[in-house]
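Only one structure is covered here, and it is reproduced in the block below.
On a predicted model such as this, the values are computed, not experimentally measured, just so you know.
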Amino acid sequence: MDVLPTTTSYSKTDRKSRSSTKSSVNSSSSKPSLFLAFFSCFAWIYIAGRLWQDAENRKLLANLLHKNSNQKPKYLTVEDKLTVFGCRDLQRKIVEAEMELTLVKSQGYLQLQQSGSTSGKRLLAVIGVYTGFGSRLRRNVFRGSWMPKGDALKRLEERGVVIRFVIGRSANRGDSLDRNIDEENRTTKDFLIIDGHEEAEEELPKKAKFFFSTAVQKWDADFYVKVDDNIDIDLDVLVELLESRRSQDNAYIGCMKSGEVVAEEGRPWYEPDWWKFGDEKSYFRHASGSLFILSRKFAQYININSASLKTYAYDDTSVGSWMMGLQATYIDDSRLCCSNARQDKVCSSA
């Protein structure tokens with residue numbers, strides 16, 4: 001039996017399924033394309049930005065090179081070289097002058113404005129008597145004994161000797177202590193009031209710097225004498241002693257001594273810087289603080305270098321330490337040892 005050929009027919013349902021299958025294949029294949037397109041766009045923007053930035057950098061570098069090319073070193077003319085050499089020579093001369101000025105100052109030379117001697121002659125001595133706020137009675141005793149007062153004090157100054165009570169200011173500036181001293185000075189006119197110094201026991205070592213600095217600026221004298229207010233002085237013998245030493249411009253005169261450095265806090269004469277004096281704990285040679293004398297050169301030295309001078313617990317050891325570094329002639333005169341019982345002594349305990 002013969003078999004007749006048949007024709008395959010598709011239903012509507014089959015066509016729909018085939019169509020949906022084809023569309024799903026197309027949609028799945030379009031996703032990578034969109035991703036690649038987005039990545040390509042982003043890469044193009046990034047590369048364009050870098051190229052623009054590099055262009056700006058190249059432009060900035062080109063401008064800098066152009067400016068530097070306009071600042072090439074120029075050749076100096078002969079006149080320019082002479083000017084440079086002249087400036088260097090002037091600078092060298094200035095440095096040499098500054099060094100010479102420093103040397104002169106270190107040797108004690110200084111232009112001063114003195115007001116002590118009306119005749120223009122240099123005084124023999126300025127005697128500073130250390131006093132305090134509570135020592136008015138003692139000052140009155142001094143004025144009635146070895147220290148002249150009134151017209152007699154002026155006549156002594158005409159002979160070349162100035163005597164002043166030396167005192168600082170109260171810690172409470174302008175209080176009754178200061179006012180009392182000012183009032184006393186208006187009557188007696190025999191004070192050297194140091195405004196920059198605070199009058200206190202612990203400030204006593206610094207008083208030496210203030211006294212010598214102030215005195216050498218105010219009076220031009222051969223000698224400057226520091227005296228405590230608890231001693232009496234034979235003024236005639238002192239003047240005779242100073243006259244005999246007038247030719248010595250590097251004299252450090254006094255009752256020379258040394259002694260133990262007290263290292264135990266609380267004991268009398270305690271020295272806070274005791275450790276600086278070695279294992280033996282002994283002071284260097286120095287003049288006793290009751291009365292000592294410095295020549296004009298050394299008073300000027302203290303004035304010039306007062307800001308950098310080290311002070312110790314007491315004024316006599318402080319001054320002695322300053323003299324150690326100088327070409328000072330130490331003159332040990334037993335007449336200036338105020339506890340001695342010599343007939344020709346200069347001072348004695350009051």
Side-chain angles (χ1 to χ4, degrees), residues 112-170 174-197 199 207-208 210-246 290-294 296 299 335-336 338 344-350:
L112 304 172
Q113 296 180 353
Q114 288 88 7
S115 60
S117 177
T118 56
S119 63
K121 295 181 181 180
R122 183 176 296 173
L123 299 170
L124 173 63
V126 175
I127 302 174
V129 183
Y130 280 22
T131 190
F133 293 118
S135 300
R136 182 160 188 169
L137 179 59
R138 186 175 293 174
R139 290 192 293 270
N140 289 334
V141 172
F142 271 43
R143 295 184 183 109
S145 57
W146 65 269
M147 181 177 175
K149 57 182 178 180
D151 294 337
L153 186 63
K154 292 181 180 179
R155 288 193 296 270
L156 181 64
E157 293 178 9
E158 293 173 357
R159 292 174 51 194
V161 178
V162 171
I163 304 176
R164 293 291 187 272
F165 288 111
V166 182
I167 194 169
R169 288 298 189 182
S170 168
D175 61 6
S176 60
L177 297 176
D178 284 345
R179 292 194 299 270
N180 291 338
I181 291 296
D182 290 335
E183 179 62 29
E184 185 178 351
N185 186 42
R186 279 191 288 269
T187 304
T188 60
K189 296 180 174 57
D190 56 5
F191 277 90
L192 175 60
I193 301 175
I194 306 174
D195 291 323
H197 174 64
E199 191 65 37
K207 193 171 183 176
F210 283 102
F211 164 59
F212 288 110
S213 297
T214 305
V216 80
Q217 293 181 68
K218 189 174 180 60
W219 295 286
D220 184 18
D222 287 316
F223 298 103
Y224 297 83
V225 185
K226 180 262 178 176
V227 177
D228 282 342
D229 65 354
N230 60 352
I231 62 172
D232 288 327
I233 292 179
D234 188 327
L235 192 58
D236 292 333
V237 178
L238 177 60
V239 170
E240 181 182 350
L241 184 154
L242 296 175
E243 287 283 3
S244 67
R245 300 289 184 179
R246 197 160 196 171
S290 298
L291 190 159
F292 60 83
I293 305 164
L294 298 182
R296 174 174 174 267
R335 293 176 294 176
L336 301 177
C338 302
D344 60 345
K345 62 183 178 181
V346 174
C347 60
S348 60
S349 300

Partners meeting salt bridge (charged side-chain N to carboxylate O under 4.0 Å, His left out) with [X] (sequence neighbours left out):
X      : value
Lys226 : Asp228, Asp315
Glu240 : none
Arg138 : Asp229

Side chain to side chain donor-acceptor pair (under 3.5 Å) partners of [X], counting only residues at least two apart:
X      : value
Asp182 : Arg169
Ser213 : none
Arg186 : Glu183
Asn180 : none

Sequence neighbours left out, what passes ring-ring contact (aromatic ring centres under 6.0 Å, His included) with [X]? Give chain and number order.
X      : answer
Phe165 : Phe191
Tyr130 : none
Phe133 : none

Exercise. Under 4.0 Å between a Lys/Arg side-chain N and an Asp/Glu carboxylate O for Arg246 and Glu243?
Worked result: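 A salt bridge links Arg246 with Glu243.
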
Can you give each donor-acceptor pair under 3.5 Å made by side-chain atoms of residues 140-149, sequence neighbours left out, with the distance rounded to 0.1 Å?
{"unit_1": "Asn140", "atom_1": "OD1", "unit_2": "Arg143", "atom_2": "NH1", "d": "2.9"}
{"unit_1": "Asn140", "atom_1": "ND2", "unit_2": "Arg136", "atom_2": "O", "d": "3.4"}
{"unit_1": "Arg143", "atom_1": "NE", "unit_2": "Asp190", "atom_2": "OD2", "d": "2.6"}
{"unit_1": "Arg143", "atom_1": "NH1", "unit_2": "Glu184", "atom_2": "OE2", "d": "3.2"}
{"unit_1": "Arg143", "atom_1": "NH2", "unit_2": "Glu184", "atom_2": "OE2", "d": "2.9"}
{"unit_1": "Arg143", "atom_1": "NH2", "unit_2": "Asp190", "atom_2": "OD1", "d": "3.2"}
{"unit_1": "Arg143", "atom_1": "NH2", "unit_2": "Asp190", "atom_2": "OD2", "d": "3.4"}
{"unit_1": "Ser145", "atom_1": "OG", "unit_2": "Val141", "atom_2": "O", "d": "3.0"}
{"unit_1": "Ser145", "atom_1": "OG", "unit_2": "Phe142", "atom_2": "O", "d": "3.2"}

